[in-house]
Amino acid sequence: MRNVVALRKLLLPGALSAVAALLAGCSSAGGPPPLGDGGSGGRACTPASQVGKPVLMALFDLNNDGTGPVTITRVRLPGAQGMAMTEAWLLPLRSGPQLGVGLPYPPVTSPLWPDRVPAPGAVIRPGQDLSLVFGVLRTTAASGNSDGPTITYTAGGTTYTLREHVSLAVTPTNCT
Amino acid sequence: MPGQRRPGTLTDPARLERLRQGLAGYTGLSAERKSMSGISPGNYQGTRMRILRRIGVISLRSSRWPTRFAVPTALAMAIAAIGMVLGPGVPAMASVKPHFFSWKPGTAMPAIPAGYHVVALPSSKVLAQLKPGQNLPVSQISDSAAFRAKAASLAAARDNEPVNLELVPNGPPNCHIGDSFIADLGYSWANVGESFSEIPNVEQGFQYSVTQSQSTTFGVGLSVSGDVGSFSYSGTTTTSTDRTGIVTFPRETGVINNAWGTTFEIGKFRYTDSCLPTDDYYYIEPYEWTTGAKVTHPTSVPALSASNCRSFAKGSSFQANSSNALTIAHGYDVKGGTTVNEGFTGSAQTGYSTNAQVGFTFNQAGYLCGNNAPPPDAGVYVAHA
């Protein structure tokens, strides 16, 4: 009798996992989003000594893993408090060290800066990997922060929103 | 000859190839492991299958007869609809057990040798969706003509995807399968993270928090005999632990390489299958987190590619909390000292998730480089000039 009870307890989870597995198989028909799922998480902080003066944020790459072109429609900073972003650009990646966090914005000394294109409306070809570059600025005397940027784009007639998982912060002095 | 007793033994290339072919659908699924408090023999019996990665291939454990009682009839038929049809009349393959193989609907159907039955596993498409540790829906195929007819008609309505099958010998109705705790081997320091700086004015910090599903994956030592010195690496385990907490390590500043360590209790276990006693083996693995914090200093820095580096201005900082860390080959020792000497060194890999965070504060301008990708997607980070 004890074994029967144990089996009954185990019967439902087993059935549910089987059904879930079957359903998951069905839902994958559309394939993954071409620009991925936002990758790894974390937090990036940069000093921005003057209110309203942007500094560079070039931490995110957009890689089109799909089979068709991707068109960016919008880039924004959700949940921003005490900070804002400039317009966003796409730049080619270079073979050496990449742009990063906290340099003056715009990064006019970068040899790739003349090759920038505005992110909204930009097309990323299949297999192409581009750097998302924008400035971040404090809007108040205190520190500001936001969630990771979201990138809205279309591919194959479908609209996607990519949420980067690295939150951002700007501080009047050094980050801790 | 002990080596010939290992489950899925690698000493038999032909058998290994059959296993690989038969298990092609499972590739990519990682192990879900047990702990002393996790799996008792009864957990396996009469229920489902779990996927365990062992000795370079994936082996499947199942109880035998009880599987037919674990899957409701309707569900079993639904699974059969993927294309599981069996029938007599083609050469048998009775010399290897357990025997995994794929069968493509529309081809000659494999025979069920006398004294054997077949367990049918989900299609590769379904298996690809399974999460690590998720139970496999399986069904046991009987030799009834009615069942074959029904399954054949269902299979015909589906695609012709190969079906994964396991041939198993008929056994007594209550095989006793499970893992038993043999001995506590003491505690070992385990390196659960690494970070590096090659420039002086950079601070490194590390925090390790343990939940019951913490994210350190350890190498497992396996031995048929269980004798000292006989354990060898055979896959990985993600340890479940009853103890939870957070360790914040002291920050390290300057040109320094850091390996962040904490302690785990190490256990020796034995896997037994009363229906297949030749499959019995011993294994060693960490089974409980026992806290502690110690920083050691590796001598070498991971190889870097400049294109995996990003500039960071003076005063900026970066914290990674969701990457897959590099596997640390020398993760923990079971070679004496605080442990019994079993002559084994295991690996460790901790993902930077909510369970582990590595941080860099740049008090001078520099670059942060990843070992395999630029920040924030790397496994290990190096602050670089």
Side-chain angles (χ1 to χ4, degrees), chain A residues 2-4 6-7 9-28 36 38-49 55-56 58-61 93-104 107 110 131 148 164-167 169 171 173-176, chain B residues 42-43 45-48 66 69-72 74-75 78-79 82 122-123 125-131 134-138 174 306-324 352-354 357-359 361-363 365 367-369 373-378 384:
Chain A
R2 184 177 176 184
N3 287 340
V4 172
L7 280 176
K9 286 181 179 177
L10 293 164
L11 186 64
L12 182 58
L16 289 176
S17 64
V19 172
L22 290 167
L23 290 175
C26 295
S27 66
S28 65
S40 298
R43 179 178 183 269
C45 174
T46 178
S49 58
V55 294
L56 180 67
L59 193 58
F60 307 102
D61 296 340
L93 294 171
R94 57 178 178 174
S95 58
Q98 311 301 321
L99 292 170
V101 175
L103 300 176
S110 168
S131 178
E164 298 287 356
H165 299 306
V166 177
S167 62
T171 59
T173 58
N174 288 353
C175 302
T176 56
Chain B
N43 286 84
Q45 191 162 335
T47 57
R48 304 164 293 268
F69 302 113
V71 182
L75 182 59
I79 294 169
I82 296 169
S123 70
K125 287 180 179 177
V126 172
L127 293 172
Q129 301 299 321
L130 291 176
K131 299 289 190 296
Q134 193 170 348
N135 291 310
L136 283 175
V138 301
N174 291 302
S307 58
N308 287 336
C309 299
R310 294 191 195 277
S311 62
F312 276 75
K314 179 182 179 181
S316 61
S317 68
F318 176 75
Q319 174 185 294
N321 63 6
S322 186
S323 298
N324 289 318
Y352 297 138
S353 62
T354 53
Q357 300 167 351
V358 63
T361 300
F362 285 82
N363 296 316
Y367 291 91
L368 186 62
C369 306
D377 297 314
H384 195 70

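Throughout, protein chains are lettered first and strands after them, A, B, ... in sequence-line order, and every chain is numbered starting at 1.
Neither the backbone nor the side chain of A:Ala169 comes within contact range of chain B; no heavy atom of the residue lies under 4.5 Å from a heavy atom of that chain. Only the backbone of A:Thr176 comes within contact range of chain B, with at least one heavy atom under 4.5 Å from a heavy atom of that chain.
Of the listed residues (A:Pro104, A:Cys45, A:Gly100), the one with the most heavy-atom contacts under 4.5 Å to chain B is A:Cys45. Here A:Gly96 is the residue among A:Gly102, A:Gly96, A:Ala58 with the most heavy-atom pairs under 4.5 Å with chain B. For the options A:Val166, A:Thr171, A:Asp61, heavy-atom pairs under 4.5 Å to chain B are most numerous at A:Asp61. Residue with the most contacts toward chain B among A:Pro97, A:Ser95, A:Ser167, A:Pro47: A:Pro97 (heavy-atom pairs, distance under 4.5 Å). Chain A forms more heavy-atom pairs under 4.5 Å with one residue of B:Pro374, B:Cys309, B:Cys369 than with any other, namely B:Cys309.
In this structure, CG in B:Leu368 is found 13.0 Å from CD in A:Gln98, a value given to the nearest 0.5 Å. Note: B:Thr361 OG1 to A:Asn174 CG = 9.0 Å, rounded to the nearest 0.5 Å. Rounding to the nearest 0.5 Å gives a distance of 10.0 Å between SG of A:Cys175 and CZ of B:Phe312. Taken from CZ in B:Phe318 to CG in A:Leu59, the straight-line distance is 6.0 Å, to the nearest 0.5 Å. For the atom pair OG (B:Ser307) and CZ (A:Arg94), the distance works out to 11.0 Å, reported to the nearest 0.5 Å.
Two residues are said to be in side-chain contact when any heavy atoms from C-beta on lie closer than 4.5 Å; A:Leu99 and B:Arg310 fail this criterion.
Of the candidates B:Ser317, B:Ser316, B:Pro375, A:Val101 forms a side chain to side chain contact (heavy atoms under 4.5 Å, CB included) with just one, namely B:Ser316.
Shown here are the side-chain hydrogen bond (donor to acceptor under 3.5 Å, both in side chains) partners of B:Asn308, two or more places apart in sequence or in another chain: there are none.
Considering all non-hydrogen atoms of both residues, A:Leu103 and B:Ala313 come closest at N-CB, 4.1 Å.
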